[in-house]
Number of protein chains: 2
Amino acid sequence: MQPALIRPGLNDAPAQSAHERVYRGLRQQVMHGELNPGTALTLRGIGKSFGVSMTPAREAVRRLTAEGALSLSASGRVTTPELSNERIEELASIRALLEPELASRALRRAHLALIDRMESINEANARAIHNQNPVDYIRTNLEFHRTLYLRAQSPAMLGLLETVWLQLGPTMRMLYTRIRRTTAPPHHRLILEALRAGDDAALRLALRTDVTQGLRHLQV
Amino acid sequence: MQPALIRPGLNDAPAQSAHERVYRGLRQQVMHGELNPGTALTLRGIGKSFGVSMTPAREAVRRLTAEGALSLSASGRVTTPELSNERIEELASIRALLEPELASRALRRAHLALIDRMESINEANARAIHNQNPVDYIRTNLEFHRTLYLRAQSPAMLGLLETVWLQLGPTMRMLYTRIRRTTAPPHHRLILEALRAGDDAALRLALRTDVTQGLRHLQV
DNA sequence: AGGTCAATTTTGTGATCACATTTTTCGATG
DNA sequence: CATCGAAAAATGTGATCACAAAATTGACCT
């Protein structure tokens, strides 16, 4: 197999295991909507594309499957999940439950520097929309939300939410290309205003609508 | 390795893979509080106790680690998690967020047969308390809740909640043996009454207090 | 053309091995 | 008696292999 070619200077974590690299790589592809729903993957293919054997690929797949990022067929085949409309709505309602709570917990700790950072992420988000780039759009949108939620100091809740995002990743890409979004999500402004005003109720409402509204265009 | 000795008649799922058997076995041990926090496990030991090689043991551990049921040390050692007080409270507040919602969704579909079944599970729960049996107590308590939530028809939300239960499993055992519970959890009665009355607000409140109250005795 | 079935290829599973690292053991030393 | 350090044991990681099951292919027949 390939010599794996680790360049320590470029990695955040100094010594990543092979399985960890595969896991992070696949996870990002799924969460950022780089894969369409139903995309088939194979252990040998994953291994080859990361320059490792089947073993670390298998472990990464098990992990991601446990998080709902991938699904296994009865015969063990690996694909990105194809969600039913009911499932999409359920996941959206979980977001609507968790995200206002996380935002509310972050509110008291959200200083101006944080709001400025969110503002600049939101501008990158607008650029992604202008460039019709779905992956950048999804990535910056999640980054906008995560930047806020990190301040909530609630790692378990954020962890749960990220598995929900993971499950929605491929579907979000599909939805994005379907609705051909042309304007920025209107609720990000409301979120920023509520943060600046320190208005908990307005913040919760802004998040609930932001999260819910994006997935209202199903009609499959 | 051992011939694995599968007896199809005794298994619910007809053809379980080795990894699946290990996963289910470990998962139950963790969720039902059969393992104290900080219990060390080894891949070879797990494999031996299930009559399989390291490979399926490793996959099961990866899966359970992804669900928060087990933790990995920096050197890859496997233990059941030892939760900080902050983490316990955070997990409790997640329960307090999800469980009233699941109960509310189940309410309209909760017929009398379901309530009767919950009642009988609650009696088994009382017996477990009388017998000072922590594992039976935890098991029947979770079964009481899960029986209700299954009616919510919200598999993703229930799945998330089960990972929270998993994370709390070893800690619940520790808390149980610490407080030496002697009387039945008072809120199960309130839950049943609210179900019978079809009172959504009362049901939500009963669950929130039931879930929160059990973990108020920390004081580590 | 379309369908059927056998041959072939692809794929996941589980076991085993070599290896590096960590942990434990245990004796020597102060 | 405690502490340090070296030897020994235990452990996780990744690669490879054999095998069975599944999916694909392609020839053949109707």
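Predicted model, so just to flag it, every value in this text is computed and none were measured.
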Over 60° means perpendicular and under 30° means parallel, so classify the ring planes of A:His188 and A:Phe144, tilted if in between. parallel
Can we say B:Arg139 and B:Glu143 salt-bridge, meaning some charged N sits less than 4.0 Å from an Asp/Glu carboxylate O? yes
Counting only heavy atoms from other residues, nucleotides and ligands, does the tally under 6.0 Å from CZ of B:Arg146 exceed 12? yes
Between A:Glu59 (CD) and C:dG14 (P), how many Å, whole number? 14 Å
Rounded off to whole Å, could you give me the CD-to-P distance for the B:Glu20 and C:dG14 pair? 10 Å
Mind checking if A:Leu41 touches a base, just sugar-phosphate, or nothing, with heavy atoms under 4.0 Å? sugar-phosphate
Check if the side chain of A:Arg58 and the base of C:dG14 share a donor-acceptor pair of N or O atoms closer than 3.5 Å. yes
Look at the side-chain N and O atoms of A:Ser75 and state whether any lies under 4.0 Å from the OP1 or OP2 oxygen of D:dA22. no
From C:dA15, C:dT23, C:dT13, nucleotide with atom closest to B:Arg77 side chain: C:dT23
I want to check one thing: is the phosphate of C:dA15, taken as OP1 and OP2, less than 4.0 Å away from some side-chain N or O of B:Ser53? yes
Under the 3.5 angstrom rule, does the side chain of B:Thr42 hit a backbone N or O of B:Gly45 as a donor-acceptor pair? yes
Between A:Thr55 and A:Val78, the residue closer to the 5' end of DNA chain C by nearest nucleotide is A:Val78
Return no unless some side-chain N or O of A:Arg44 is found under 4.0 Å from OP1 or OP2 of D:dT16. no
Whole angstrom value for the distance that separates P of D:dG12 from CD1 of B:Ile46: 8 Å
Tell me: CE of A:Met54 to P of D:dC19, nearest whole Å? 16 Å
Whole-Å distance between D:dA9 P and B:Leu43 CG? 21 Å
5' priority, DNA chain D, between A:Ala18 and A:Ser73 [closest heavy atom]: A:Ala18
Testing A:Met31, A:Gln29, A:Arg24 one by one against A:Arg27 for a side chain to side chain contact (heavy atoms under 4.5 Å, CB included), which residue passes? A:Met31
Protein-nucleotide distance (A:Lys48, atom NZ; C:dT11, atom C1'), rounded to Å: 13 Å
